[in-house]
Each structure stands twice: as structure tokens, then as C-alpha cells.
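See structure below.
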Number of protein chains: 2
Amino acid sequence: MRPTVHDIAAEAGVSLATVDRVLNNRPGVRELTRDKVERAIASLGYVRDVTAANLAKGRSYKLIFILPAGDNSFMLGLETEVREAIARSAAERTEIDILFVPAFDPQALANALAEAHRRGPAGVAVVAIDAPEVTDAVRRLRDDGIAVVTLVSDLPGSSRDHFAGIDNIAAGRTAGTLIGRFLGDRAGPVAVLAGSMLVRDHRERLEGFRSVMCESFGSRSILPVIEGQDDPVLVEKLVAALLERHPDIAGIYSLGAGNRGLVAALEKAGRAQVCVIAHELTSYSRAALLSGTIDALLNQDAGHEVRSAIRVLKAKADGLPVLEAQERIRIDVFLKDNLPNGQA
Amino acid sequence: MRPTVHDIAAEAGVSLATVDRVLNNRPGVRELTRDKVERAIASLGYVRDVTAANLAKGRSYKLIFILPAGDNSFMLGLETEVREAIARSAAERTEIDILFVPAFDPQALANALAEAHRRGPAGVAVVAIDAPEVTDAVRRLRDDGIAVVTLVSDLPGSSRDHFAGIDNIAAGRTAGTLIGRFLGDRAGPVAVLAGSMLVRDHRERLEGFRSVMCESFGSRSILPVIEGQDDPVLVEKLVAALLERHPDIAGIYSLGAGNRGLVAALEKAGRAQVCVIAHELTSYSRAALLSGTIDALLNQDAGHEVRSAIRVLKAKADGLPVLEAQERIRIDVFLKDNLPNGQA
DNA sequence: GAATATTTGATGTACGTAAATCAAAAACGC
DNA sequence: GCGTTTTTGATTTACGTACATCAAATATTC
């Protein structure tokens, strides 16, 4: 049987009320008595029954998700997952609100964080932008004991509790090895298509990709990066021009979210033999993978990221440890052979 | 605010006791009254507070894991994960026992299932062997309302509630595409190394692998399957003989758990240029991937499988729905570039 | 309509914790 | 020693559900 507060009280030779004072950091306990109780807790191996505690407190975890507004499929998918978590929230003692902010706008994001702060939640999950005003806003939240988790895009060097997202350098390296080995001896340069070098995850993917190409496939030339702003129309135009300029192109690594335009340009040009590695599984990229236009997809599972963020925020709010192995977001590598059925 | 049993009673115009009788399927309620209560439940959208219910019941979920004895790293890893779940069990109202059975022995497994049945648990997780006596034993458990989840290796056509493992056909197909594309125009046959064709996961991986090789890489010949019983010593002997017999071998797909012997044989023969795709991330296979002896690893995360099995068993024991998207076990594709740090 | 069986209500206790109140005891200053 | 402050104890209520008991009301049978 698991020990209860009563057992602690008996073991320490104090009353229930005193145990409660110690457990919940209430004032009015002598240092000596506090020690006695803590020794009893340690010796009996007491662990507070969080479910009973939450029941008694009538607690519900108020959480706020801050997401970039915009219509790219991945972010829409992320929003869908948050909404599904909201639908389940009754059963999980959570109360989740979403705040939308204009994409790529650090000041707007800092303001949203301040607004979230005002609402006094137990935790905040945010798709971060790597800027000082954002780091500051996060620090202010943390100073007030509000847990903060970055989602998809991290804010290293800030005081965030946790990052729920993939290792983007590893993702870029993986793309490099795949494209290098898939191409084998086939001649021709490789192009890189990004959204914007302003966002950290794109920069990191490029860094990983380049280092692998340099280390392991040094003879293959890499064309200058094309920035398509994740805009389908712009991407299509840029890729079409690229294909015309370089008829010998062997492969393309698309590390951003411009898949729709990329696929359109490739198919119009009839260049199915170009080896393409792209990111994020959406209905477009799935179709392109199945048709053979895209050869491999790297993906981060938005559902996992959202659920992980919620678990971590709840744990941090309770001062509980986090199961690191469970919360590591993995880089999915999809070929046409191992696509999950159903969704996305 | 979430409705409680009191709200249901008020809404239905009955007493708390009657609501309780309906909710817990206790006898002594007229059909008409039962309907009234059920309508109230539906109209208020009542969901039982499982944590409060468990608290009241003093419930702890007795679960039994049945694992194959043996010293292969993957199964040891699986055992480790179960033991870690046991360490966390205090906080999760679970009480987990492990039963070990000799590997690849259907009758012993059926006996273990009967033993598990005798102990009267809420659920059983089992690494299945696809044999009629096992299917029968599972059916008997289910007939007594005991939840059953197959782990790693499935038992389709049985009455198991859920399978916590990967899609092995997809895994085999993925291996096929990877080896086919990595080899490109390089000549030479491909060999397949399995543990035993008795277990379904090995059969399915082979099936997926063969079908992709046939569909997409028809010109490459596949040597007859070698069964190494996942025994390092035997595997090393068999692979050494294989390499001697076929000096022109271009690739090996190891779909079982005999990696230690495979790597030893390859390294002793100095055949690093052979393209090798193997399964399961262990300390041995990790080292071999980093050194280049293995080119890619397909992996199922044992920790995820164990945690998923536990979640599903608890949910089934409570008659609760399962979040399918969360419980899908993914096929990890590891190259040396995206190996997770830490463990395994 | 009486006797019986079935259904329903009323009520209390329990689970493990939180939180509040008030009284009692101990420690402290002077 | 006194009064005062601080610390501790004892007790109660609450959270939402499960489960048991006993009495009361309603159906059913003959």
C-alpha cells in the first residue's frame, strides 16, 4: 500500500495539519518540525496522489497556446490538434485557449505573451520567434511561476521550460544523407529551397544539410539557396526558373513549407526524375510522395507535439518531473511505403 | 462547469442512488427510469470523472506483461521499459507483473496466458506467437472481460483489443525501398536474415520487403531467407558462411534481432561495403550504424510501445475509447544523422 | 385487496488530499 | 512571571464518485 498523509503524520509524530503545512509550503512551521516531516516523507517514500489533490483543489489547468495566424497546411494542422485537445479537455482537467498572432512578427508575439500573462494561466505554449523581446516576455512569465513550452520553433538561451519540437539540424543532415545516397553516381547539382532564412528551424535544417553534403558527398555541388517565403505562387515561379536555368539538376531539398508550388513546377516541367526530399506531411505532399514526385518526406507529428506540450505544462505546473524519453519529438522519415493511413 | 452525478439526478428527477445504479449497471432499475437517466446523461453531456471514480474505488489496475525470455537486446530493452513503468506505477495506479516464457514456443505462451488468467488482472500485454493455442488462450481471457493487447508481434484474427506495435509489412517495404535505392546500379544479390518464420512480425517484414523488391527492383535477385533464431552465435556462423558462398553480395536485410552476430561476421570478413538495413536500435546496432557497417536502422520504440500498451489496457479496462492517433506506433528510420542522443 | 416482489429514495461512509477554523501549547521578549 | 507571538493540534468540510444499507413507494401476482 502506498503511504498517505496520515502515515506521514504518524511517522513524524506530528498532526495532519502540520504535514499539510509542509507539503503545501504554508507558513507557521518551525524549521525543526519541517525537517522531521520531510524525513518521514523520504523514509516512507511518500508521493502525493496528484489526482486526489486535483480533486480536492477542484483544480483545472488553464493553458494558453499562441499560434501564428496564416494558412500554411502545417500550422493549420497544428491548430486542428490543439482544437482536438480542447475537445478532450473536459476529461483532462485542462482549459485551453488559443491566441493567434501575425506570423514572423516578434513584437506582436511579445504582446501576445503579455496578454497571456495577464490571463494568469498555469502554462503557455508558444511557436517562438528568436528575438530579444520574445525572450524577455518569456522570462517575465517564468518569473511569475507560469510554465512556458516552445512549440515547433525553439527559443534557445531563454528560460523556457521545454521545447516540443524536432532537432532541425539532425533533420537537415538526414535529408542530406538520403539525397546523397539516393542519387548515388548520378551527376548534377542539388538545389535547396527554403521559406526564409529569418526563421531558426529553416536555418538549422540548411546547416545540417550542408554539413553532411560537405562531409560525405563533397563532389556534388549545391546551388545557392532559394527563398520562397513558403508562398506557393512565388515558389512555383522560382522553381520553374531554376529548372530552366539548370537542366542537369539532380535533386532538390525543400526544407520549408512551399511544397504545393514545388510539386506544381516539377510536374509542369515533366521532371519527375529529380530526387526530391521535402518536409511536413500534408495532403499535397502525401499525394506527391505517392505519385513519385517527392522521394522522401521528413515530418514532425503535430499531434504529438501538442499532446507533449500539454503533458509537460501540466507536469511543470505541478512541479513534477518530465519523462524525457516520452517527450522527445521524433523526425519521421516517410517513403511511399510507410505512410500512415488516415489523416493528414 | 462539468456536470456531476448530482446534476444528472436533478435533471432526470431521480435520486442519486438511481443514477449510480444506472451508471454502474447495477440491477433494480426499471427500463423506463433507466431511459430517463440515460437521456439526462446525454443531454448534459456528462462524462464520468475517472480519477474521482478510481479514488473512490481505491482501484489499482493489475496488469501482466508476458515477455519472451532470452538475451537479445531488443527484448531486454522491452523488459527495461516495463520495469521503468513498474517504477512509476505508484503514481499511476497500476500494478504490473512480468511473466517470462521461452521464445518461439506457442504452448509455453498459451500456458503463460492461462497463468495470467488465473491471477485475475485487469489486462494482459503479450508478445504474441501466431498459433491456435495462443489465440484460444486470448479468447478465454477476453471472455472473462480481461483486456488483451498484443505487443511487438500481433495476433490478427484473435479477439485481442489492440496491437501495440508497428506495421511490419510497411517496415519490410521501407527496408526494400531503402536498400534498392541505396544500391542503385550496384550489381549483386541481396540476402535476407530473419529470426524465425514462426513469428508473424518476421513473416510480414519479409512479405513487404519481397513485394517492393519485386515491384520496383525486379532485376535484383534475392537469396533464400536465412533463419538465425535471433541467436548471435548461430547468426554469426550463418552469415559468415553466406558471405563466403556469395562474394558478390550487395546488400543484406536483417529483419530479426540477430544484429550482434551479423555485425561480427561482416566486420571479420571486412565487408563494410555491403549495404545493410537492420531492425531495432540497440547499443550494438547503434555502434554499427555510426561506424558504417549498418546503413540504416528501422526501429520500434519499446518505451512507446510499453506506455501505449498500458494506456490502452487501462482505457479498455474502464471501457473508455482509445485515441488512435496517439497509439499508433511509428516506424523510426534511423540514419547515422538522426540517432537520438541518450539511451539504447 | 392483501401479500409479495421489485424499484426507488435517503443517507452515510469511504477514497486521499486541500483548506479553513479555533483552541491549545510552546517559545519568546521583557 | 506576565503578555505576546509563533507554532502545532484537532476537527470539519469539500472534491466527485462508489458502494452499502434500510426504509418507503410502487408494481405484480393471485
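Chain naming here is simple, since letters A, B, ... match the order of the sequence lines and numbering starts at 1 in each.
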Q: Indicate for each nucleotide in nucleotides 9-18 of chain C, in 5' to 3' sequence, whether protein heavy atoms under 4.0 Å reach the base (B), only the sugar-phosphate (S), or nothing (-).
A: BB----BBBS

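Between the CZ atom of B:Arg59 and the C1' atom of D:dG16 there is a distance of 17 Å, given to the nearest Å. As rounded to whole Å, 11 Å separates atom C1' of D:dA25 from atom CZ of B:Arg30. With rounding to whole Å, A:Lys36 atom NZ is found 12 Å from C:dA26 atom P. Distance, B:Leu44 CG to D:dG16 P: 14 Å, rounded to whole Å.
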Q.
Can you give me the dot-bracket string for DNA chain D, 5' to 3', counting Watson-Crick and G-U wobble pairs with both distances under 3.5 Å, using [ ] for crossing pairs and | for partners on another strand?
A. ||||||||||||||||||||||||||||||

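For the salt bridge (charged side-chain N to carboxylate O under 4.0 Å, His left out) condition, the pairs that include at least one residue of residues 5-23 of chain A, sequence neighbours left out, are A:Asp20-A:Arg26.
Under a 4.0 Å N-O distance rule, the pair A:Glu38/A:Arg34 does not qualify as a salt bridge.
Closest approach of A:Val29 to A:Thr18, counting heavy atoms only: CG1-CG2, 4.3 Å. Considering all non-hydrogen atoms of both residues, B:Ala147 and B:Asp161 come closest at CA-OD2, 3.3 Å.
Annotation: side chain of A:Leu151 is in contact with side chain of A:Glu305 (closest heavy-atom distance under 4.5 Å). Between A:Val101 and A:Leu99 there is no side-chain heavy-atom pair separated by less than 4.5 Å. Side chains of A:Thr51 and B:Arg93 form a contact here, defined as non-hydrogen atoms less than 4.5 Å apart.
In this structure, A:Lys62 places its NZ atom where only 12 or fewer heavy-atom neighbours from other residues, nucleotides or ligands lie under 6.0 Å away.
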